[in-house]
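We use all heavy atoms of the structure for the numbers below, so side chains are in, but hydrogens, waters and symmetry mates are not. By convention in this document, chain letters (A, B, ...) are assigned in the order of the sequence lines, proteins followed by strands, and residues within each chain are numbered from 1.
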Amino acid sequence: MGENGRKQPDSLYKQRHSLAHILAYAVGDIYQNVKYGVGPVIDNGFFYDFDLDETISEDDLGKIEKRMQEIINKDYKFDREEIELSAAKERIKKQEQPYKEELINDILTKGSTDIYAEEGEDIESVDKVSFYTIGDFSDLCRGGHAKSTGKVGAFKLTKISGAYWRGNEKNPQMQRIYGVAFETQKELDEYLQLVEEAKNRDHRKLGRELDLFTVSDLVGSGLPLMTPRGAVLREELARYSQELQAAQGFERVWSPHIAKTTLYEKSGHYQKFPERFEVSSIESNDKFMMKPMNCPHHIQIFARRPWSYRDLPVRYMENTTNYRDEKHGELHGLSRIRSLSQDDGHVFCSEEDIESEVSAIVGMVKDMYKSLDMKFYARLSYRDSSSIYLGDKKLWAKAENILAKVAKTEKLDFMEEVGEAAFYGPKIDFMVNDSLGREWQCATIQLDFVQPERFDLSYVDSNGAEKRPVMVHKALLGSIERFMSVYIEHTAGRFPVWLAPEQIRVITVNQEQKTVRFAESIVEKAKELDVRIGLGNDNESVGKKIRSSEVWKVPYTVVVGEKEIQSGEVTPRIRNDLEVQKSHSPYKIEDFLKTVANEARSRASKTSL
RNA sequence: GCCACCUUAGCUCAGCUGGUUAGAGCGGCUGUUUUGUAAACAGUAGGUCGUCGGUUCGAAUCCGACAGGUGGCUCCA
């Protein structure tokens with residue numbers, strides 16, 4: 001029973017749980033020799049795992065749904081029965097259900113079916129288990145059901161997948177059938193519509209339609225290529241991140257994309273990165289690898305010379321690409337790739353400076369997501385009592401207090417989670433909400449007590465004593481490509497002016513010399529002001545060219561013809577999501593262009609025209 | 001990597017159970033038109049139907065392998 005399941009309203013939870021049973025009943029009716037796994041409630045519905053002789057495909061879902069509906073129509077009561085464990089074991093043995101038998105055995109030895117529970121650890125005295133029966137289908141189950149099969153709301157089977165028994169790839173693979181379910185058909189329809197909307201906003205679809213990026217089989221999967229338009233978006237985001245950091249004293253550094261593996265052996269990353277790309281040299285015996293992260297490089301830049309407490313904090317930033325050989329099946333558009341760029345940065349400071357440094361970075365995160373018009377909350381991740389965490393316990397406690405204090409003084413919307421810290425230090429992860437209500441981890445601030453130790457970093461304090469600096473890792477966007485995927489879906493490709501690959505499109509009313517020359521003069525003036533402008537001078541109707549500009553989601557479209565040539569004024573057509581109020585008045589061309597340039601510079605999310 | 005599904009023109013997709021020269025819309029190109037705020041008209045070029053192999057008189061269609069893609073593989077009676 002997942003945490004997620006528990007957060008649901010009780011009645012909905014019971015309906016979904018009941019549907020899982022009904023699904024199992026239906027599958028048992030349709031197929032021979034069905035071995036049942038587990039069937040829990042999940043975020044928007046339920047699933048059930050089966051071990052079947054034949055493989056089912058999505059085409060079979062309709063058939064199963066139909067049988068489920070029949071069971072629902074019969075309105076069977078959910079009958080609860082409590083029996084002794086030993087009797088239950090016998091009963092299941094007779095049914096020849098090996099998976100259920102394993103569960104019973106776990107209850108017997110561990111008092112729980114939790115796969116993470118250690119044998120012998122906190123054995124509850126369980127002597128009875130319950131079975132729930134509907135019609136002639138009976139299942140071992142803790143409970144939580146609707147009164148009868150007729151009271152389960154609206155559902156739809158959605159997909160099918162392979163899933164290992166108890167999530168362990170050494171175990172047999174079972175067939176998992178997923179369903180979504182809600183109290184009413186209306187809610188179900190709304191949910192399905194949201195899924196549909198998400199499909200329409202899929203960044204891979206928009207990436208193609210708006211010509212932002214491409215993938216090539218020859219270059220390799222998970223290695224996206226940025227087109228001119230995509231490169232603009234990417235550069236603008238990256239530039240903003242660096243401007244925010246530079247304002248807080250971060251200096252730009254640069255490091256090569258490969259390094260000797262000994263660097264990562266020393267940092268401790270080598271063992272922790274089985275998904276590394278190794279690089280061999282024909283000339284030398286040294287082993288190299290593509291850098292999976294940047295901290296060891298920045299550490300080496302810091303370590304080049306001795307430091308005084310007067311020099312601290314030292315802050316380095318670099319927008320650069322890391323390489324990680326992710327599992328093939330996990331690659332996805334721009335969000336899960338093998339060459340990911342980070343707006344990375346590292347601070348080397350004294351313990352006393354942690355608070356002000358973290359606070360400054362929190363300030364950047366706020367600025368960044370305000371400009372991007374996205375809401376977020378913070379998750380403070382602390383250590384628990386387990387032994388995986390390295391570094392001085394007192395320092396940990398102090399640092400965790402500092403993070404909490406900063407979260408309060410910065411008035412962050414935050415939650416605290418014990419046991420979620422990195423092994424090298426506590427952290428703040430920022431969870432960004434997109435316009436469809438989904439959550440993404442983007443920005444992060446991580447304290448690190450381990451790497452300064454491993455690389456023996458030091459500075460001289462005011463008493464002349466050698467001291468160990470603390471390291472702070474930070475990223476505002478996280479992976480820039482991944483952020484792009486989130487942002488493309490958040491905006492549905494309707495970027496604000498400062499990020500739009502094409503900010504203005506000039507459309508000609510005809511192809512007469514005079515008109516074309518006038519349009520070209522506007523393009524030239526715009527370019528002088530660093531405004532990104534396109535020219536729509538095809539031999540097409542004005543309506544067609546306006547449509548094209550809309551389809552490409554260009555913020556401003558201006559049509560020029562005789563009238564504009566005479567007046568020297570244009571009436572920009574504004575993309576509707578940017579409009580504050582509708583008052584399309586004519587602007588002198590120079591004023592219009594300057595306003596657009598200013599909007600871009602100020603990173604405004606709405607138009608001021 | 002594992003499970004299921006998919007792969008036909010630059011894009012979106014037809015092509016029924018194998019049967020003449022594989023189709024459409026958009027986009028591209030050429031021409032006509034010279035357009036005033038979300039799609040003018042006509043013509044035309046694009047495809048060894050993902051790759052390789054097999055079955056067959058005959059394969060886009062059936063079978064197999066491989067490649068690439070999509071959804072999932074975290075939710076524990």
Side-chain angles (χ1 to χ4, degrees), chain A residues 1-7 17 20-21 24 36-49 55-61 88 92 97 99-104 106-107 112-117 126 129-132 139-144 158-178 195 199 202 204-205 208-209 211 214-218 220-221 326-333 507-512 515-516 536 538-551 557-564 571-573 576 584:
Chain A
M1 217 156 290
E3 279 300 309
N4 291 329
R6 280 303 188 197
K7 283 180 201 156
H17 195 181
H21 278 244
Y36 300 95
V38 296
V41 173
I42 53 174
D43 275 350
N44 294 296
F46 58 93
F47 69 74
Y48 211 106
D49 287 345
T55 53
I56 36 185
S57 80
E58 246 138 79
D59 297 338
D60 300 322
L61 293 182
I92 280 180
Q97 288 296 338
Y99 301 104
K100 294 289 182 191
E101 208 177 322
E102 189 180 324
L103 295 174
I104 285 266
D106 275 8
I107 296 173
S112 154
T113 57
D114 186 345
I115 49 169
Y116 299 112
V126 179
V129 291
S130 52
F131 281 80
Y132 279 81
D139 197 8
L140 173 70
C141 179
R142 182 188 287 154
T158 49
K159 58 199 169 202
I160 189 154
S161 96
Y164 296 106
W165 171 239
R166 311 192 107 180
N168 185 340
E169 49 188 300
K170 291 193 185 101
N171 286 338
Q173 188 159 34
M174 312 191 66
Q175 301 189 61
R176 176 173 296 177
I177 299 177
Y178 285 92
V195 170
K199 217 189 260 174
D202 190 315
R204 291 165 303 181
K205 182 172 182 272
R208 194 172 44 242
E209 288 171 3
D211 197 21
T214 187
V215 279
S216 150
D217 285 357
L218 281 174
S221 57
E326 301 289 350
K327 286 184 194 169
H328 248 231
E330 297 196 333
L331 298 175
H332 179 91
I507 287 171
T508 52
V509 138
N510 57 41
Q511 270 70 57
E512 283 165 25
T515 319
V516 175
D538 305 318
N539 181 10
E540 296 285 355
S541 66
V542 173
K544 175 84 169 271
K545 286 187 275 191
I546 284 170
R547 181 181 146 78
S548 167
S549 189
E550 291 282 345
V551 166
T557 306
V558 295
V559 177
V560 298
E562 192 54 33
K563 203 174 86 192
E564 286 72 21
T571 306
R573 191 189 157 95
N576 54 24
H584 292 191

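With both pairing distances under 3.5 Å, B:U7 is matched to B:A67 as a Watson-Crick or G-U wobble pair. Figure legend. B:C62 is base-paired to B:G54; pairs are counted as Watson-Crick or G-U wobble with both atom distances under 3.5 Å. When both distances must be under 3.5 Å, the Watson-Crick or G-U wobble mate of B:U44 is B:G28. The nucleotide B:G1 finds its pairing partner in B:C73, both defining distances of the Watson-Crick or G-U wobble pair being shorter than 3.5 Å. Look at B:U17: it lacks any Watson-Crick or wobble partner with both distances under 3.5 angstrom.
For the residue pair A:Tyr36 and A:Gln97, the shortest heavy atom distance occurs at N-OE1, 2.8 Å. A:Asn171 and A:Tyr164 get closest at one heavy-atom pair: O-CD2, 3.5 Å.
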Restricting both atoms to N or O, compile the protein contacts to nucleotides 28-32 of chain B shorter than 3.5 Å, with distance only.
{"from": "B:U32", "atom 1": "O4", "to": "A:Asn539", "atom 2": "ND2", "distance (Å)": "3.0"}

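Spacing between B:U61 and B:A22 at atom P, rounded to whole Å, works out to 14 Å. Rounded to whole Å, the separation between the P atoms of B:G46 and B:G10 comes to 12 Å. B:A14 and B:G25 are spaced 16 Å apart, taking the P atom of each and rounding to whole Å. Remark: the separation of the C1' atoms in B:C11 and B:U51 is 23 Å, to the nearest Å. The same atom, P, is picked in B:G43 and in B:G27; the two are 16 Å apart, to the nearest Å. Spacing between B:C62 and B:G69 at atom C1', rounded to whole Å, works out to 23 Å. Here the separation of B:A39 from B:C26, taken at their P atoms, is 14 Å to the nearest Å. As rounded to the nearest Å, B:C2 and B:C49 have P atoms that lie 28 Å from one another.
In this structure a side-chain-to-backbone donor-acceptor pair under 3.5 Å is missing from A:Thr508 to A:Gln511. A donor-acceptor contact shorter than 3.5 Å is absent between the side chain of A:Thr515 and the backbone of A:Gly561.
Distance OH (A:Tyr48) to P (B:C75): 15 Å, rounded to an integer number of Å. Straight-line distance from the CD1 atom of A:Ile177 to the P atom of B:C73: 15 Å, rounded to whole Å. Between the P atom of B:G72 and the CG atom of A:Leu331 lies a distance of 14 Å, rounded to the nearest Å. The distance from atom NZ of A:Lys159 to atom C1' of B:G71 is 7 Å, rounded to the nearest whole Å. A straight line from CD of A:Gln173 to C1' of B:C3 spans 4 Å, rounded to a whole angstrom. For A:Lys199 and B:U70, the NZ to P distance is 14 Å, given to the nearest whole Å. The distance from atom CG of A:Asn510 to atom P of B:U37 is 14 Å, rounded to the nearest whole Å. As rounded to whole Å, 3 Å separates atom C1' of B:U37 from atom CD1 of A:Ile546.
Out of B:A77, B:A40, B:U34, the shortest distance to the side chain of A:Ser541 is found at B:A40. Of all nucleotides listed (B:G68, B:C75, B:G36), B:C75 comes nearest to the side chain of A:Pro40. The nucleotide whose nearest atom lies closest to any side-chain atom of A:Gln511 is, among B:G71, B:G36, B:U35, B:U35. In the set B:C73, B:A77, B:U37, B:C73 carries the atom at the smallest distance from any side-chain atom of A:Tyr178. The A:Arg204 side chain lies nearest to B:U70 when the options are B:U35, B:G72, B:U70. Of all nucleotides listed (B:C73, B:A77, B:G36), B:C73 comes nearest to the side chain of A:Ala163.
To the nearest 0.5 Å, the span separating NE2 on A:His332 from CG on A:Asp202 amounts to 5.5 Å. Of the inter-residue distances, the one linking A:Glu550 atom CD with A:Arg573 atom CZ reads 4.5 Å to the nearest 0.5 angstrom. Distance check, rounded to the nearest 0.5 Å: CZ of A:Phe47 to CD1 of A:Ile177 gives 11.5 Å. A distance of 5.5 Å separates CD1 in A:Ile107 from CG in A:Leu140, rounded to the nearest 0.5 Å. One distance of note links CD of A:Glu540 with CD1 of A:Ile507; it measures 11.5 Å at 0.5 Å rounding.
Taking the syn range as angles within 90° of 0, the glycosidic angle of B:G46 is syn.
Side-chain atoms of A:Arg573 come within donor-acceptor range of the base of B:A38, with a qualifying N/O pair under 3.5 Å. Between the side chain of A:Glu564 and the base of B:G36 there is at least one donor-acceptor pair of N/O atoms closer than 3.5 Å.
The phosphate of B:G71 (OP1 or OP2) has a side-chain N or O of A:His332 nearer than 4.0 angstrom. The shortest distance between the side-chain N/O atoms of A:Arg142 and the OP1/OP2 oxygens of B:A77 is below 4.0 Å. Between A:Ser221 and B:G69 there is a side-chain N or O to OP1 or OP2 distance below 4.0 Å. The phosphate of B:G71 (OP1 or OP2) has no side-chain N or O of A:Arg176 nearer than 4.0 angstrom.
The 5' end of RNA chain B is approached more closely, in terms of each residue's nearest nucleotide, by A:Glu562 than by the other of A:Phe131 and A:Glu562. Mapped onto RNA chain B by nearest heavy atom, A:Lys563 and A:Ile56 fall at different nucleotides, with A:Ile56 at the one closer to the 5' end.
Under the 4.5 Å side-chain criterion, counting only non-hydrogen atoms from C-beta, A:Arg166 is in contact with A:Leu103.
Test A:Arg176, A:Gln175, A:Gln173 against A:Asp49 for side-chain hydrogen bond (donor to acceptor under 3.5 Å, both in side chains) and you get one pass: A:Arg176.
Using a 4.0 Å heavy-atom criterion, one finds that A:Gly561 contacts the bases of the nucleic acid, with or without backbone contacts as well. A:Lys545 comes within contact range of no nucleotide atom at all, as no heavy-atom separation falls under 4.0 Å. Contacts of A:Gln175 with the nucleic acid, taken as non-hydrogen atoms under 4.0 Å apart, are absent. Within the 4.0 angstrom heavy-atom criterion, base atoms lie near A:Val509.
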